[in-house]
Amino acid sequence: MKGGYFLVIYLEKSQNIRTKARRFSLEKGYYVYVGSAMNSLEKRVLRHFKKEKRFHWHIDYLLDKAQLIDAYLIPSNARIEEKLSQALSDVVMGIEGFGASDVAVKTNLYYFGDTTPYEILVNILNSMKLRWKRIKNPQDIMEWREENGEDR
């Protein structure tokens with residue numbers, strides 16, 4: 001299945017996150033990362049839940065230091081990552097240069113501070129009339145995959 005996703009992340013303390021080429025100074029609090037998976041949405045999000053992995057994307061470096069709370073799977077045959085990111089940028093502050101090298105937005109990581117992002121995410125998804133599923137762990141992904149029963 002193809003689509004986009006949100007990752008809800010909590011960083012317990014302010015710290016510097018170093019990637020291969022950059023350093024980001026991030027404050028304690030909630031973050032939402034926007035991603036896409038045009039090959040396998042389930043496999044991409046499952047990868048983000050794993051602690052042991054080879055670091056490839058900016059988000060891998062952040063998830064090494066933070067807690068992945070949950071994810072929103074958003075099935076779509078169209079590339080929606082940029083639209084999702086733009087919708088978030090209209091309501092919260094983004095971390096410029098984080099994970100948006102292949103889209104026309106300045107970031108794919110958004111800072112919510114101490115405020116949980118759930119209401120904003122649901123409002124964005126519903127206003128865009130997108131189908132979505134909030135998942136909390138790898139088992140939820142596998143159950144969702146079975147329920148949707150599409151060939152992959």
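The first residue of the sequence shown is numbered 1, and numbering continues consecutively from there.
For the pair Arg18 and Phe24, the cation-pi criterion (under 6.0 Å, within 45° of the ring axis) is not fulfilled.
Listed for the Ser76 side chain is a donor-acceptor partner under 3.5 Å among the backbone atoms of Ala78. A donor-acceptor contact shorter than 3.5 Å is absent between the side chain of Thr19 and the backbone of Tyr61. A donor-acceptor pair under 3.5 Å is absent between the side-chain atoms of Thr107 and the main chain of Gly94, judged by distance alone. For the pair Lys65 (side chain) and Asn16 (backbone), a donor-acceptor distance under 3.5 Å is absent.
A continuous path of Ile, Leu, Val, Met, Phe, Trp and Tyr side chains, each step under 4.5 Å between heavy atoms, connects Phe98 with Phe55, placing both in one hydrophobic cluster. Ile9 and Ile124 end up in different hydrophobic clusters when Ile, Leu, Val, Met, Phe, Trp and Tyr side chains are linked at under 4.5 Å. Phe112 and Leu26 fall into different hydrophobic clusters, where Ile, Leu, Val, Met, Phe, Trp and Tyr are joined by side-chain heavy atoms under 4.5 Å apart, directly or via other members. Linking ILVMFWY residues whenever their side-chain heavy atoms come closer than 4.5 Å, directly or via other members, leaves Tyr5 and Leu121 in distinct clusters. A continuous path of Ile, Leu, Val, Met, Phe, Trp and Tyr side chains, each step under 4.5 Å between heavy atoms, connects Val122 with Leu84, placing both in one hydrophobic cluster.
Taking CD1 of Ile74 as the reference point, atom CD1 of Ile80 lies at 5.0 Å (rounded to 0.5 Å). Here CD of Glu52 is found 9.0 Å from CG of Asp64. Values are rounded to the nearest 0.5 Å. A distance of 6.0 Å separates CD1 in Ile141 from CG in Leu73, rounded to the nearest 0.5 Å. One distance of note links NZ of Lys2 with CD of Glu42; it measures 12.5 Å at 0.5 Å rounding. Between atom CG of residue Leu88 and atom CE of residue Met93 there is a gap of 13.0 Å, rounded to the nearest 0.5 Å.
Within a 6.0 Å sphere centred on CG of Asn126, other residues, nucleotides and ligands contribute more than 12 heavy atoms. Sparse packing is recorded around CG of Asp114, with 12 or fewer heavy atoms of other residues, nucleotides or ligands lying under 6.0 Å away. The neighbour count for Gln139 CD, taken as heavy atoms of other residues, nucleotides or ligands under 6.0 Å away, is above 12.
Looking at Tyr33 and His48, their side chains never bring a donor and an acceptor atom within 3.5 Å of each other. A side-chain donor from one of Ser14 and Glu27 sits under 3.5 Å from a side-chain acceptor of the other.
Across every non-hydrogen atom of Leu41 and Gly4, the tightest pair is CD1-O, 3.4 Å. Of all heavy-atom pairs spanning Pro138 and Leu46, the tightest one is CB-CD2, 3.5 Å. Taking every heavy atom of both residues into account, Met128 and Ala87 meet most closely at SD-CB, 4.4 Å. Between Pro75 and Met1, the shortest heavy-atom distance links the atoms CB-SD, 3.4 Å. Nearest approach of Ser36 to Arg79, heavy atoms of both residues: OG-NH1, 4.4 Å. Considering all non-hydrogen atoms of both residues, Asn108 and Ser85 come closest at OD1-OG, 2.9 Å.
Proximity of Phe6 to Leu125: side-chain heavy atoms (C-beta onward) are separated by under 4.5 Å at one or more points. Between Asp140 and Glu143 the shortest side-chain heavy-atom distance falls below 4.5 Å. With contacts defined as side-chain heavy-atom distances shorter than 4.5 Å, the pair Thr116/Val8 does not qualify. Side-chain contact between Trp57 and Arg44 is present, with at least one heavy-atom pair separated by less than 4.5 Å.
Listed by chain and residue number, Asp70 satisfy the salt bridge (charged side-chain N to carboxylate O under 4.0 Å, His left out) test with Lys136 (two or more places apart in sequence, or in another chain). Legend: residues meeting ring-ring contact (aromatic ring centres under 6.0 Å, His included) with Trp132, ordered by chain and number and at least two apart, are Tyr72. Shown here are the salt bridge (charged side-chain N to carboxylate O under 4.0 Å, His left out) partners of Arg47, two or more places apart in sequence or in another chain: Asp60.
A ring-ring contact (aromatic ring centres under 6.0 Å, His included) with Tyr30 is found for one member of Tyr111, Tyr10, Tyr110 and no other, namely Tyr10. Among the candidates Leu109, Val34, Ile69, Leu68, the single residue satisfying the side-chain contact (heavy atoms from CB on, under 4.5 Å) test with Leu7 is Leu68.
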Check against side chain to side chain contact (heavy atoms under 4.5 Å, CB included), Leu11 and Lys13: CA-CA 6 Å; Leu11 189 61; Lys13 63 180 182 176; 6.0 Å; no
Check against side chain to side chain contact (heavy atoms under 4.5 Å, CB included), Lys53 and Leu63: CA-CA 11 Å; Lys53 61 188 160 215; Leu63 290 174; 4.2 Å; yes
